[in-house]
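All values reported here derive from a predicted model rather than from experimental measurement. Lettering of chains follows the sequences in order, A, B, ..., and the numbering in each one begins at 1.
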2 protein chains.
Amino acid sequence: MVVKEASLTTQELRNAILGGSLAKDGRLMSERVLAQTLQVTRSRLRGVLDDLAREGLVFRRHGQGTFLQPPPAQAPSRLDGLARRVSPAALMEVRLELEPALAALAAERGSASDKARLLRLMEDTLIAPDLQSYERADDIFHYKIAEMAGNEVFLTLFEEIRSLRQAKDWTEARQAKLGEENMTAVSTQHSAIANAICAGSTSAARTAMYEHMQQVRSVVLTETP
Amino acid sequence: MVVKEASLTTQELRNAILGGSLAKDGRLMSERVLAQTLQVTRSRLRGVLDDLAREGLVFRRHGQGTFLQPPPAQAPSRLDGLARRVSPAALMEVRLELEPALAALAAERGSASDKARLLRLMEDTLIAPDLQSYERADDIFHYKIAEMAGNEVFLTLFEEIRSLRQAKDWTEARQAKLGEENMTAVSTQHSAIANAICAGSTSAARTAMYEHMQQVRSVVLTETP
DNA sequence: CCATAAACCAATTTGAAATTGGTTGAATGC
DNA sequence: GCATTCAACCAATTTCAAATTGGTTTATGG
């Protein structure tokens with residue numbers, strides 16, 4: 001399907017990788033398999049993947065794999081056992097404290113290029129055509145902020161919370177609840193967060209993210225009788 | 001040494017357990033071994049351990065074990081790999097956000113009995129005769145607050161941070177830095193935190209814990225040239 | 001009814017093997 | 001020469017079964 005007789009051009013390679021048909025649940029095949037599938041050498045594949053990773057289009061983790069849009073999930077930590085008994089309220093309580101702190105640190109430490117990319121990711125959330133692609137863009141947006149905070153411990157905690165959130169199928173319920181009015185409110189908040197971070201205003205970034213988390217919590221916790 | 005011909009009294013059992021000679025690094029032998037060592041039935045041993053756990057003198061975790069003063073450490077999570085490359089500054093940055101939030105929740109949700117016990121634990125930090133026993137009392141004090149927050153996710157995150165902190169041998173350096181003047185300041189702060197929590201004042205508890213964390217950070221990060 | 005003992009259940013840890021991205025260096029081809 | 005390819009190896013992570021540990025139930029005997 002994607003294979004040609006002669007070797008693929010770099011652009012073809014990029015398209016094949018980003019196309020998603022080589023990934024399952026956002027996770028690409030291993031480099032070795034991928035190289036053989038695409039009939040290219042691993043060296044060249046890795047070169048392309050290096051570029052994609054630098055551009056933020058692909059996420060890699062050492063013993064874990066290479067991932068498309070959604071940044072890599074977590075290792076099987078003790079939180080796994082929690083996934084069942086944890087309530088959305090408890091999770092949001094944690095996010096309500098964690099993410100504003102991350103936003104503040106991101107505003108303080110984020111590099112110029114990171115901030116530029118964050119603006120682009122924010123725009124992605126605005127122009128998302130459907131709920132599913134919105135969820136993905138939103139996911140990347142928040143992840144990028146956590147990454148920009150520049151604290152590996154914080155990032156790990158964030159990823160564990162994120163994986164907990166994904167472990168449960170709250171996304172379905174959440175998507176059903178995300179109406180038009182909430183959507184525009186959230187978009188405004190995302191914009192405020194991104195702008196505050198780019199401006200380097202730690203306190204503004206913190207409060208903007210806090211208000212956003214309050215909104216998200218109210219959406220998540222609305223009863224569906 | 002502890003064994004008698006006839007079966008031990010309940011009080012003797014408690015003393016033997018809390019004595020510490022049956023524990024290694026704060027962790028007791030398994031119930032089966034312990035029962036045989038003390039020449040009592042496991043049922044009875046568990047009955048006594050139940051009491052001790054209720055009184056907060058012993059901490060138990062399912063597949064993990066039973067622990068003396070220091071609450072149980074963490075599972076081998078991804079944070080383990082971090083222990084090497086993580087800096088004290090990064091860790092304190094996280095504690096500076098986490099613990100005030102926990103203190104606020106503890107003030108909001110802590111039961112009356114929990115608050116009473118917290119006061120006792122606070123007093124333990126005040127009367128600690130040496131640095132080592134102070135560290136232990138301080139550890140339990142902060143753990144109790146995290147526990148009182150009543151959010152299992154938050155508690156897990158706290159425990160992971162705590163284990164990271166213990167993985168490194170910063171305690172030595174920290175102990176060396178804890179001078180008399182810092183000691184009294186920290187004591188005052190502990191008292192303020194406990195009082196705020198017992199009064200149910202969330203904001204006061206939050207700020208008191210925040211100031212305490214700032215103090216701890218300044219102590220931890222002081223250079224030792 | 002209570003204490004004991006044994007068996008079983010459930011959560012966790014442990015450790016070896018497999019998987020994956022990352023790195024190096026020799027061989028190859030132009 | 002120089003870049004590409006290939007192979008082997010390194011390092012981080014996951015996976016999976018076995019062992020360990022606290023928790024629970026059941027049967028037994030006083």
Within the structure, does a side-chain N or O atom of Q64(B) lie under 4.0 Å from either OP1 or OP2 of dT21(D)?
no

Is it the case that the base of dG23(D) and the side chain of R42(B) share a donor-acceptor contact (distance under 3.5 Å, atom types as modelled)?
yes

Residue T41(A), side-chain atoms from C-beta onward, closest of dT5(D), dG21(C), dT4(C)
dT5(D)

Could you give the CD-to-P distance, from Q36(B) to dT20(D), as a whole number of Å?
15 Å

Spacing of CG belonging to L155(B) relative to CZ belonging to R162(B), to within rounding of 0.5 Å:
10.5 Å

Just N and O in the side chain of S30(B): are any of them under 4.0 Å from OP1 or OP2 of dT20(D)?
no

Do any side-chain nitrogens or oxygens of R60(B) fall under 4.0 Å of OP1 or OP2 in dT21(D)?
no

Please determine whether side chain to side chain contact (heavy atoms under 4.5 Å, CB included) holds for the pair E93(B) and R217(B), giving the CA-CA distance in whole Å, both sets of side-chain angles, and the decisive distance to 0.1 Å.
CA-CA 8 Å; E93(B) 201 166 72; R217(B) 178 172 66 174; 5.5 Å; no

On the nucleotide dT4(C), are OP1 or OP2 found under 4.0 Å from the side-chain N or O atoms that S43(B) carries?
no

With the side chain defined as heavy atoms from C-beta on, R32(B) is closest, among dG23(D), dT13(C), dG21(C), to dG23(D)

Can you tell me the distance, in whole Å, between the NE2 atom of H62(A) and the P atom of dT14(D)?
12 Å

Would you indicate which nucleotide in dT21(D), dT5(D), dG22(C) comes nearest to any side-chain atom of R44(A)?
dT5(D)

Mapping G63(B) and V40(B) to their closest nucleotides on DNA chain C, which lands nearer the 5' end?
V40(B)

When rounded to whole Å, the CZ to P distance for the pair R27(A) and dT15(D) reads 7 Å

Between R46(B) and dG23(D), does any side-chain N or O lie under 4.0 Å from OP1 or OP2?
yes

Give the C-alpha distance, both sets of side-chain angles, the deciding distance and a yes or no for side chain to side chain contact (heavy atoms under 4.5 Å, CB included) between T66(B) and R27(B).
CA-CA 6 Å; T66(B) 303; R27(B) 176 183 159 167; over 6 Å; no

